[in-house]
Amino acid sequence: MSTTDQTTMNPEVVALGDPNLSFSFGERRTLMNFIQTVILWVLAGIAAIPLISVLWMLISRGGLRLSAAIFTELPPAPFEQGGGIGNAIVGTLVMVAIASLISIPVGVLGGLYTGLINPDGKISALIRFVGKVLTGFPSILSGVFVYAWLVVVMKTYSAIAGGVSLSILMLPTVLLTAEQAFRMVPQRMKDAAYGMGCNSTQVATKIVLPTALPGVMTGVMLAVAGASGESAPLLFTALFSNYWIGSFTEPTASLSILIYNFSAMPYENQIELAWTASLVLVLIVLVFNILSRSFGTRRV
């Protein structure tokens, strides 16, 4: 008689062979897994309370003044009603753009050198060390440095000085992220390109850079998001202005400084604008973070 016939004739064989997959709290392992899962969810909820409360305050208080006028009008004077934060939004975007023009090319080229051209050299080790030191560099010291070397020389606060100070904060993030992205490119892709007759420049520009681009863009977006919310370096470099930016060599408004100034004023209108500016700044940072995550989904 075959094994199949024996199994058919004897139901106990089937019963003994079937695994028991039912959920039961009677088992110690199942109970411990359930308890630990509940604890983790509770801890995650507690950790999210500050974030949720801040977002709720921003939306409930800052959302009341959201309108087209907020983005197109200038900040009001004391005792004046209405107004907007348009110049601060434009000033923030301009200074972040200046910082990006400085930090992104330098950071990507530095990452290309340390991650591909000479990864084991002494100069590369020094660049990595400086980059890691700058990641913990206090942002206010960046403003003081640029103030001493640029603002004093130009004899004026300016958007250029603000952009340079932000670029110092963006550079280490772009550099270290770009280096890691270049290192993650498979060696066999580089060897195949060399085997086909490509030189080092062609391998870097045609193979390594396009393949590592998602990782590089992730670092760029994170650096831009971080620079958008900085305020300490701008106090020493760009200061503030109640007018639209007319030149890169004049004091320039920014959202973070507007929030700092208006939140300390005893006028309800300015305080409401400070809440709205906070909400707008959070939304800008959120957009850049979402972009960084979207680029990061494509891995090398």
Side-chain angles (χ1 to χ4, degrees), residues 54-55 57-102 139-140 142-143 146-147 150-152 154-167 169-170 224-289 291:
V54 169
L55 290 176
M57 285 193 299
L58 289 176
I59 295 173
S60 61
R61 302 192 63 174
L64 298 176
R65 294 289 299 272
L66 276 181
S67 63
I70 287 294
F71 302 95
T72 58
E73 295 184 5
L74 293 173
F79 300 107
E80 186 180 4
Q81 297 301 312
I85 56 175
N87 64 330
I89 297 175
V90 173
T92 298
L93 296 178
V94 166
M95 286 187 284
V96 171
I98 294 173
S100 300
L101 290 175
I102 297 172
S139 60
I140 194 170
S142 169
V146 175
Y147 174 84
L150 193 58
V151 175
V152 172
M154 296 177 63
K155 298 181 180 180
T156 180
Y157 299 97
S158 63
I160 295 177
V164 172
S165 65
L166 294 180
S167 69
L169 302 177
M170 291 176 59
V224 170
S228 301
E230 288 291 345
S231 58
L234 301 182
L235 285 171
F236 291 90
T237 54
L239 202 60
F240 190 73
S241 173
N242 287 320
Y243 306 100
W244 296 101
I245 179 173
S247 171
F248 292 157
T249 57
E250 63 182 22
T252 305
S254 61
L255 283 171
S256 56
I257 303 301
L258 182 143
I259 296 168
Y260 174 79
N261 290 339
F262 279 17
S263 62
M265 289 186 176
Y267 309 110
E268 187 64 26
N269 186 45
Q270 273 74 1
I271 293 175
E272 291 178 356
L273 284 177
W275 280 104
T276 304
S278 301
L279 178 59
V280 172
L281 182 58
V282 168
L283 292 177
I284 292 175
V285 174
L286 179 62
V287 168
F288 285 121
N289 276 282
L291 290 175

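Note that the structure is predicted; figures quoted are calculated from it, not measured. FYI, the numbering just counts along the sequence from 1.
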S.K.: Just verifying a value: how many Å separate Ile98 CD1 and Thr252 OG1, rounded to the nearest 0.5 Å?
M.R.: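 These two atoms lie 7.5 Å from each other.
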
S.K.: Side-chain atoms of residues 230-237: list all donor-acceptor pairs with protein atoms under 3.5 Å, sequence neighbours left out, distances to 0.1 Å.
M.R.:
from	atom 1	to	atom 2	distance (Å)
Glu230	OE1	Ser139	OG	3.3
Thr237	OG1	Pro233	O	2.7

S.K.: Where do Val151 and Ala161 come nearest, in terms of heavy atoms and distance?
M.R.: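 Where Val151 meets Ala161 most closely, the heavy atoms are CG2-CB, 3.7 Å.
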
S.K.: Counting only pairs under 3.5 Å, give me each side-chain donor-acceptor contact of residues 75-90, with atom names and distances, residues two or more places apart or in other chains.
M.R.:
from	atom 1	to	atom 2	distance (Å)
Glu80	OE1	Ala77	N	2.9
Asn87	ND2	Ser241	O	3.0
Asn87	ND2	Tyr243	O	3.3

S.K.: Let me see the working for Asn242 and Leu74 under side chain to side chain contact (heavy atoms under 4.5 Å, CB included), right down to the final yes or no.
M.R.: CA-CA 7 Å; Asn242 287 320; Leu74 293 173; over 6 Å; no

S.K.: When rounded to the nearest 0.5 angstrom, what is the spacing between CG in Leu273 and CD1 in Ile70?
M.R.: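 Answer for the CG-CD1 pair, Leu273 versus Ile70, is 5.0 Å.
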
S.K.: I need the Leu150 CG to Thr156 OG1 distance, nearest 0.5 Å.
M.R.: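 The distance works out to 10.0 Å.
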
S.K.: If every non-hydrogen atom of Gly163 is compared with every non-hydrogen atom of Ala99, which pair is closest and at what distance?
M.R.: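 In terms of heavy atoms, the two residues are closest at O-CB, 3.2 Å.
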
S.K.: Which atom names give the shortest non-hydrogen contact between Ser100 and Met170, and what distance separates them?
M.R.: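 Taking every non-hydrogen atom into account, OG-CE, 3.6 Å.
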
S.K.: Check whether any side-chain heavy atom of Leu64 lies under 4.5 Å from a side-chain heavy atom of Glu272, and answer yes or no.
M.R.: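 With C-beta onward as the side chain, the pair stays apart.
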
S.K.: Side chains of Leu255 and Ile284: does their closest heavy-atom pair fall under 4.5 Å?
M.R.: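 Answer yes - side chains close enough.
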
S.K.: Keeping the roles fixed (side chain from Ser247, backbone from Ile245), state whether a donor-acceptor pair exists under 3.5 Å.
M.R.: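 Side chain of Ser247 to backbone of Ile245: no pair is present.
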
S.K.: Can you tell me how far apart OG (Ser67) and CD (Glu73) are? Round to the nearest 0.5 Å.
M.R.: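 If I round to the nearest 0.5 Å, the distance is 7.5 Å.
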
S.K.: How long is the span from the CH2 atom in Trp275 to the CD atom in Gln270, to the nearest 0.5 Å?
M.R.: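 Interatomic distance, Trp275 CH2 to Gln270 CD, rounded to 0.5 Å: 16.0 Å.
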
S.K.: Ignoring hydrogens and geometry, is there a side-chain-to-backbone donor-acceptor pair from Thr276 to Gly62 under 3.5 Å?
M.R.: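 A pair under 3.5 Å: yes.
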
S.K.: Step by step, would you call Phe248 with Val94 a side chain to side chain contact (heavy atoms under 4.5 Å, CB included)?
M.R.: CA-CA 9 Å; Phe248 292 157; Val94 166; 3.7 Å; yes

S.K.: How close do Pro251 and Phe240 get, heavy atom to heavy atom, and via which atoms?
M.R.: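 What the structure gives for the nearest pair is CB-O, 3.6 Å.
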
S.K.: How long is the straight-line distance from CG of Leu66 back to CG of Leu279, given to the nearest 0.5 Å?
M.R.: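 So the gap between those two atoms works out to 5.5 Å.
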
S.K.: Locate the shortest heavy-atom distance separating Met95 from Ala253; write the atom from each residue and the value.
M.R.: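 Result for this residue pair: CE-O, 3.7 Å.
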
S.K.: Looking at side-chain heavy atoms only, is the closest gap between Val224 and Ser228 below 4.5 Å?
M.R.: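 Side-chain contact under 4.5 Å: yes.
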
S.K.: How close do Ala68 and Thr72 get, heavy atom to heavy atom, and via which atoms?
M.R.: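 Result for this residue pair: O-OG1, 3.1 Å.
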
